[in-house]
Amino acid sequence: MRDVYDFLVVGAGFAGTVMAERLAADGGYSVLVVDRRPHIAGNAFDETDAAGLLIHRYGPHVFHTNSERVFAYLSRFTDWLPYEHRVLAQVGKQLLPVPINRTTISRFFGVALSSDAEVKAFLAERAEPIDLIRTSEDVVLAQVGRDLYESFFRGYTRKQWGMDPRDLDKCVTSRVPIRTSDDDRYFSDRYQAMPKDGYTPMFEAMLGDERITVRTGVSFREIRKHVAVRHVIYTGPIDEFFEFQFGPLPYRSLRFEHRTVAQCRFQRVGVINYPDAELPYTRITEHKHLTGQCHARTSITYEYPSETGDPYYPVPTPANAALYSRYQALADATSGVTFLGRLGTYRYYNMDQVVGQALASYARMFDRCAPDTRPTRAGRAYIGRGVTTA
Ligand code: FAD
Ligand code: UDP
């Protein structure tokens, strides 16, 4: 006998959890959520460590978005702690603001620049003319020139990705703006905040509907034989779902080293970046800055990029995009499964983008079948069409 559910959701990260919540609370469906890791919340998982400090097990997760819809949706499940993230980079003996801004440029070159216009003119003299911006090297060289590129981006990127910025799509380093002002915030989004009690309690609230069953420490492969479902939402790696039939899609991994030190403050800001290619880690996070926690000690996390380990980052190159599009075509031709999330759609998405993708996918699922009917009824029609056994 198999357990029967309307939906099986594979992965309890943002993508899977938002879908499960919508399907249960809005659609009225029964949903089984499985995750092969021993906890919910995916890479956003946070927990109290042995010293009693709230830490992000998979590196610093700072929530930021310009989407009122996404922020309003998540606000149903958590209160927020306002937090504006700041990052410094250790360059030589100096700690300089990242993103590169007026202060960074003034201190790096030892000049006094006092207006946006002066910075613009200063950078225009150094920027390299590049007709077609294609790569992650082009993006930076075309804005700030070689000195800043080599000191802030080249070493960091080579460590983080195991390849040169000129081999990576422009979308990677484009994530970090170049500013002519003295704004030293890492993000400039309208909403910047942390879930007040942490991410994991927010996920618990989202998965709290009685129609949702959650099983952690269980993989898709293990569960699929034991359940009968009408539809699968799959948020794991898409190449793994299709048994790597076109070859593996590359993902970049990280090793996290968590430490607690017997001092109240370790560093001036939440994250310090280390672009120096000689150091094996890319950044150190001091969690108390992010969580607002008061404690006599403090916990920090080093990030060491790695070729092996859990898949954290899709690697944006033209060859990988081409390989992904073959898997995507296969996904489009496969009924009974919807692929979502950073791994399921091989996109370098932030948390808010994944939430937005899942909300849009839920809305589309129902609209596609019967735009004139209410979502719940339309949804039932949709999943009724392609009954699948996972
Ligand atoms: P995930 O969180 O990866 O969830 C997928 C889940 O599926 C995983 O828990 C996995 O165990 C499970 N799974 C996979 N395959 C299977 C299977 N076969 N069976 C069962 N379970 C399976 N975003 C921000 O907005 N701000 C930040 O500051 C930020 N910082 C980040 C820092 C780091 C170091 C990293 C790696 C990411 C960061 N992100 C940040 C991005 C953020 O983590 C992602 O956007 C988001 O977590 C993606 O959610 P997801 O549900 O798509 O994937
Ligand atoms: N980057 C860099 N130096 C920095 C910060 C970022 O070279 O000081 C590059 C690097 O390639 C990194 C990318 O910009 O992977 C995106 O940075 P982001 O902080 O968005 O990375 P994430 O938080 O996703 O790891």
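We count ligands from 1, going down the list as the structure has it; atoms in each ligand are counted the same way. Numbers for residues simply follow the sequence, beginning at 1. Bear in mind the structure is a predicted one, so any value in this text is a computation, not a measurement.
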[X] heavy atoms, cut-off 4.0 Å: which ligand 1 atoms fall inside?
| X | value |
| --- | --- |
| G11 | 6 (C), 7 (O), 12 (C) |
| R283 | 32 (C), 34 (C) |
| G341 | 52 (O) |
| V10 | 16 (C), 17 (C), 19 (N), 20 (C), 21 (N) |
| S219 | 19 (N), 20 (C) |

Report task. Hey, can you tell me if Y312 and F256 have their rings parallel, tilted or perpendicular (30° and 60° cut-offs)? Result -> perpendicular
Query raised in the report: Do the rings of F366 and Y29 sit parallel, tilted or perpendicular, given the 30° and 60° boundaries?
Result: parallel
Which option wins on minimum heavy-atom distance to [atom]: [options]?
| atom | options | result |
| --- | --- | --- |
| atom 29 (C) of ligand 1 | G42, G16, P60, P38 | P60 |
| atom 3 (O) of ligand 1 | I40, T216, N43 | N43 |
| atom 21 (O) of ligand 2 | Y274, Y312, Y348 | Y348 |
| atom 11 (O) of ligand 2 | V98, T157, L96, I272 | T157 |

Examine [X] against ligand 1 and note whether any of their N/O atoms are separated by less than 3.5 Å.
| X | result |
| --- | --- |
| V354 | no |
| D352 | no |
| H61 | yes |
| D35 | yes |
| L254 | no |
| G236 | no |

Looking only at the aromatic ring of each residue, does the gap between the centers of [Y] and [X] stay below 6.0 angstrom?
| X | Y | result |
| --- | --- | --- |
| Y274 | Y156 | no |
| F63 | W80 | yes |
| F14 | F203 | yes |
| F77 | Y199 | no |

[X], any N or O under 3.5 Å of ligand 2 N or O:
| X | value |
| --- | --- |
| Y156 | no |
| V176 | no |
| Y186 | yes |

Should the pair [X]-[Y] be classified as a salt bridge under the 4.0 Å nitrogen-to-oxygen rule?
| X | Y | value |
| --- | --- | --- |
| R102 | D116 | yes |
| E240 | R36 | yes |
| R37 | D310 | yes |
| R86 | E84 | yes |
| E307 | R252 | yes |

Query raised in the report: R283: heavy atom below 4.0 Å from ligand 2, yes or no?
Result: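 The answer is yes: ligand 2 sits under 4.0 Å from a heavy atom of R283.
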With a 3.5 Å distance limit and no angle check, can you tell me whether [X] reaches the backbone of [Y] through a side-chain donor-acceptor pair?
| X | Y | value |
| --- | --- | --- |
| E243 | Q245 | no |
| R134 | D138 | no |
| N320 | V315 | yes |
| E286 | Q267 | yes |

Check: [X]/[Y] side-chain N/O donor and acceptor closer than 3.5 Å:
| X | Y | result |
| --- | --- | --- |
| R175 | N350 | yes |
| T200 | E204 | no |
| S306 | S253 | no |
| D35 | T216 | no |

Using a 4.0 Å heavy-atom cut-off, which part of [X] comes near ligand 1: side chain, backbone, both, or neither?
| X | result |
| --- | --- |
| F220 | both |
| Q353 | neither |
| R252 | neither |
| Y58 | backbone |
| V218 | backbone |

[atom]: nearest protein contact (heavy atom, Å):
| atom | value |
| --- | --- |
| atom 25 (O) of ligand 1 | M351 N, 2.8 Å |
| atom 8 (O) of ligand 2 | N273 ND2, 2.9 Å |
| atom 26 (N) of ligand 1 | V62 O, 2.9 Å |
| atom 51 (O) of ligand 1 | A15 N, 3.0 Å |
| atom 41 (C) of ligand 1 | R342 NH1, 3.3 Å |
| atom 20 (C) of ligand 1 | R36 N, 3.3 Å |
| atom 44 (C) of ligand 1 | Y349 O, 3.8 Å |

I'd like to know if [X] contacts ligand 1, where contact means a heavy-atom distance under 4.0 Å to any ligand atom.
| X | answer |
| --- | --- |
| R224 | no |
| Y313 | yes |
| E240 | yes |
| P237 | yes |

Query raised in the report: For ligand 2, does F152 get within less than 4.0 Å through its side chain, its backbone, both, or neither, judged by non-hydrogen atoms?
Result: backbone
Report task. Between V172 and ligand 2, find which residue part has any heavy-atom pair under 4.0 Å and reply side chain, backbone, both or neither. Result -> both
Query raised in the report: Do you see a protein non-hydrogen atom under 4.0 Å from atom 53 (O) of ligand 1?
Result: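 No.
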Query - Per-atom contacts of ligand 2 with Y313, taking only distances under 4.0 Å to non-hydrogen atoms - result: 22 (P), 24 (O), 25 (O)
Report task. Would you mind running through ligand 2 and noting each atom that sits below 4.0 Å from a heavy atom of Q160? Result ->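 Those atoms are 15 (O).
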Query - Derivation and outcome, salt bridge (charged side-chain N to carboxylate O under 4.0 Å, His left out), residues E118 and K120 - result: CA-CA 5 Å; E118 279 179 35; K120 227 172 156 180; over 6 Å; no
**Report entry** Candidate list Y327, Y251, Y313, F339, test ring pair (Phe, Tyr, Trp, His ring centres under 6.0 Å), partner Y346, passing option
**Finding:**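 Of the listed residues Y327, Y251, Y313, F339, the ring pair (Phe, Tyr, Trp, His ring centres under 6.0 Å) partner of Y346 is Y251.
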Requested in this report: Report the residue from H39, H56, H61 that forms a ring pair (Phe, Tyr, Trp, His ring centres under 6.0 Å) with F45.
Outcome: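 Of the listed options, the one satisfying the test is H39.
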